[in-house]
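To keep things clear, I will list the structure first and then write my remarks on it.
Note: hydrogens, waters and symmetry copies are ignored here, and every other heavy atom, side chains too, is used. Note that ligands are numbered from 1 as they come in the structure, with each ligand's atoms numbered from 1 the same way.
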Amino acid sequence: MARTTHKTFCRFCHANCAMLADVEDGRVTAVRGDPDDPVFGGYTCIKGRQLVEAHYAPERLLSCQKRLADGSWTSLGSEAALDEIADRLRAIIDEHGPHAVAINAGSYAFQNSAGVATATAFAQGLGTRNMYTSVTLDQPAKVYTTMRYGYWEAGMHSFDTADVCFMIGNNPIVSHYAPPGSLPPFSPSRRLRDAKARGLKLIVADPRESDVARLADVYLPVLPGTDSAMLAGMLNVIINEALYDQNFVGAHVDGFEDLKEAVAAFPPDVAARKSGVEPDQLVKAARMFAGAQRGIAAAGTGSEMSGEGTLVAYLISALNIICARFCQEGELSSIPRVFTAVSPRRAQVGAPVALFGEGFPKARFRGLTHLGTEMPCNVLADEILTPGEGQIRALINIGGNPIVAFPDQDKIAAALDSLELLVSIDVMMAQTAKRSHYVLAPKMCLERDDISNLSEWWYEVPYARYTKAVVDAPDGLMDEYEMLWGLAKRLGFALPLAGGPCPTDQLPDKARYLDLMTAGCLIAPSKVRDDSIDGAAVIYTDMHPKVEAPDPSVAGRFNLAAGDMPTMLLRSADRAASREGYSFLLVTRRTRSRFNSTGGHLPALKAKRTTNPAHLHPDDLARLGISEGDLVRIESAAGTIVSVAEASSAVRPGIVSIAHAYGDVGSGPDSVRAQGVSTNRLVRETHDYDPITGQSLQSAIPVNIARH
Ligand SMILES: Nc1nc2c(c(=O)[nH]1)N[C@H]1C(S)=C(S)[C@@H](COP(=O)(O)OP(=O)(O)OC[C@H]3O[C@@H](n4cnc5c(=O)[nH]c(N)nc54)[C@H](O)[C@@H]3O)O[C@H]1N2
Ligand SMILES: Nc1nc2c(c(=O)[nH]1)N[C@H]1C(S)=C(S)[C@@H](COP(=O)(O)OP(=O)(O)OC[C@H]3O[C@@H](n4cnc5c(=O)[nH]c(N)nc54)[C@H](O)[C@@H]3O)O[C@H]1N2
Ligand code: SF4
Ligand SMILES: [Mo]
């Protein structure tokens, strides 16, 4: 049969790189970057290039699975599986009410354009407060706690026009992940090289000289968990030297004096000492950032997970706000977004929005509440394990792997094992899937229609994709939206979507469904599909919104004193106390050959590495009498893991850098070289968590290290 080539995009990760896929005899035979795509220009990474192997992997589930009483598995059709699951859910809901059912949308719910929105709609339609997503294991502070200071309707500066970029605790060259306005994930190394060639200055703060840190004009090797002191020191310099935008602050900012007073306690020498950087470098970074005209500061996972996520998010907001890094009237607004609900793009502050606390559904533990529409992952294990009103008895886990990704592995494993019903939607018998009662086998990305809604907060132009399925899925497999629609229908409710309740008489096709899901957006998915030539991206240049004049009757002001943040900064003294007795700090990182726990079964990725080594400075290895390749024992207050030592002079002495989400329950010295280990054995969700987001200390973990 003839070979056909299809334009599509990758969904191994959130970057959605433009791809060409060859199809022969109904099978994908090759994928490669699409050189004609104007944004990606043919870029792909090693993970995306494994999409063919991923679709046809021997580990791939080709039918849904049910665990029998003796622990063995039996295949069943998708409809039959949904029938059985719905019956069991109905019984639980009838006896205990809807809160007894929890939904967890993991990282792969974020790779299906209908995944997270459908999961959320399902939880809302069902009436359960127990909706969880990986956002609260990731970077919840910037998503949920900064809106209370106000936000600029027209958006922040974007990378294409920036002359400075300040990255704190992220490494987008490997992760393809940085907040909007920072380095976009499209061919990130090339983007950075080109931007530097036109004069962009790069500042990077990271305790390890990461891939992006190596390219920095100023590199700040900040000690883990001390970003707030470093940032406060920079704000101190910027305010004392009057390098901020005084007109903007006068016109739009309340609480500036509170910020000024709080950062007065962090003159450069004090801030530098607390954060382990050189005072002159800190001052240089502050002057470089504030001296530029355009460009933002933004943080990634490293600093968010290091025990002061909300505070760091506040200080970064303060940097951007007092330096006025926002689009102004008459300019094109940044990040236009095609599939997101249209909102005004005026040159003004939108009213502050509270996304947590008073008035939001409460967790039963630690005073935490919903963040937006979700419960913090911090409480999931306790909500399952603790009897009482609303105890979770069933969990539907969509594209997530809590066994390796959630804090305190033994506790989350015990919690999941105690459930009356655990359903996973997973492409293989991953660590969590194999502990489930049912595993629903989904279509994979090249078998699905999808839109670029989940990557569009990076596009600097009105870029939109609608890809049709490139090949058929194995017989009987469903898309995630179809599974949840089918369960909702069986339970007697319609999924509440932006465009109204989703019809229950007949499953809408994906285009119709996406149209309903994105109602109110700039251009409906089905129109993008029809406008596209052969599945290529459509760029709606004429629709790029211009920043409009402010409307003084509704303009708000930023409030830098909101939530008592300046006081919190003053209280965040040295973290020395909780580190007493520990001589190392363990920091998290990503690797090129995995996406969290995904990818270890694919031959080309496995060939790169099978374990997540513990990167240590050569001087530390020598001092501890450890050679590269030796097993090392890493012990925190919560637990112990064994890892494989690797020498790296990029890591500061006193620090061990290790990726998360490897291994399995019980990974130990015998298996660590073959499968790695989860650093979450070293993390407790009950200690050192962020008081608002519940984010656990997943980086900057005090540990001791010895030869095993
Ligand atoms: N200590 C520590 N812990 C961390 C982090 C850290 O840095 N340090 N990082 C945190 C972060 S940022 C995140 S986002 C979370 C991730 O937390 P999770 O989302 O819970 O974990 P993942 O490993 O991403 O799980 C992805 C699952 O999706 C499955 N999968 C793969 N392809 C598909 C598909 O096409 N469809 C479906 N339905 N499933 C598929 C995989 O087999 C896997 O089981 O981990 C968090 N945990
Ligand atoms: N290849 C690959 N890509 C991925 C993933 C993957 O697993 N593999 N995961 C995806 C997911 S779910 C996410 S959320 C994103 C995350 O994307 P990023 O946030 O860019 O994550 P990392 O690449 O781990 O970069 C985090 C950096 O923070 C540093 N760091 C650790 N602790 C601290 C600290 O206390 N302070 C400061 N300033 N820095 C610190 C680490 O050394 C590391 O270089 O990546 C996504 N992309
Ligand atoms: S960066 Fe992400 S989207 Fe792009 S090819 Fe790699 S895995 Fe696919
Ligand atoms: Mo993440």
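- Selection from Tyr662, Tyr132, Phe406, Tyr108 by nearest heavy atom to atom 32 (N) of ligand 1 gives Tyr108.
- A donor-acceptor contact closer than 3.5 angstrom links the side chains of Asn16 and Ser455.
- Both the backbone and the side chain of Asp138 come within contact range of ligand 1, each with a heavy atom under 4.0 Å.
- At a heavy-atom cutoff of 4.0 Å, ligand 1 is contacted by the side chain of Thr679 but not by its backbone.
- Residues Cys64 and Tyr438 fail the side-chain proximity criterion, which asks for heavy atoms closer than 4.5 Å.
- Contact annotation: for Pro442 versus ligand 1, heavy atoms closer than 4.0 Å belong to the side chain alone.
- Short contacts between ligand 3 and Cys13, defined as distances under 4.0 Å to a heavy atom of the residue, involve ligand atoms 1 (S), 2 (Fe), 3 (S), 7 (S).
- Which parts of ligand 3 touch His176 is read off a 4.0 Å heavy-atom cut-off, strictly below it: atoms 1 (S).
- Put simply, the residue from Phe110, Trp457, Tyr108, Tyr177 that forms a ring-ring contact (aromatic ring centres under 6.0 Å, His included) with His14 is Tyr177.
- Atom OH of Tyr466 sits about 8.5 Å away from atom CG of Asp450, to the nearest 0.5 Å.
- Distance alone, capped at 3.5 Å, is enough to place a donor-acceptor pair between the Glu304 side chain and the Ala141 backbone.
- The closest approach between any non-hydrogen atom of Thr432 and ligand 1 is not below 4.0 Å.
- By the 6.0 Å and 45° rule, Arg11 stacks over the aromatic ring of Phe9.
- With respect to atom 8 (Fe) of ligand 3, the closest heavy atom belonging to the protein is Cys10 SG, 2.3 Å.
- For Ala661, the heavy-atom gap to ligand 1 stays at 4.0 angstrom or more.
- For atom 2 (C) of ligand 1, the choice among Gln431, Glu480, His660 with the nearest heavy atom turns out to be His660.
- Between Ile103 and Ile396, the closest side-chain pair of non-hydrogen atoms falls below 4.5 Å.
- Among the backbone and side-chain atoms of Cys17, none of the N, O or S atoms lies under 2.8 Å from atom 8 (Fe) of ligand 3.
- Near Phe12, meaning under 4.0 Å from any of its heavy atoms, are these atoms of ligand 3: 7 (S).
- Nearest to atom 12 (S) of ligand 1 by heavy-atom distance, out of Gln698, Arg448, Arg590, is Arg590.
- Using a 3.5 Å distance cut-off with no hydrogens or angles, the side chains of Ser63 and Gln65 do pair a donor with an acceptor.
- Ligand 1 has an N or O atom lying under 3.5 Å from an N or O atom of Ile425, backbone or side chain.
- Within the 4.0 Å heavy-atom criterion, the part of Met305 lying near ligand 1 is the side chain and not the backbone.
- Here is the list of ligand 1 atoms found below 4.0 Å of a heavy atom in Ser597: 22 (P), 23 (O), 25 (O), 43 (C).
- Atom OH of Tyr132 and atom CD1 of Ile392 lie 3.5 Å apart (nearest 0.5 Å).
- The aromatic rings of Phe186 and Trp458 stand perpendicular to each other, their planes meeting at an angle above 60°, with 30° marking the opposite boundary.
- The part of Asn16 lying near ligand 3 is the backbone, judged by heavy-atom distances below 4.0 Å.
- Taking a cut-off of under 4.0 Å to the non-hydrogen atoms of Gly106, the atoms of ligand 1 that pass are 19 (O).
- In this structure, Arg191 is not positioned above the aromatic face of Phe159 in the sense of NZ or CZ being under 6.0 Å from the six-membered ring centre and within 45° of the axis.
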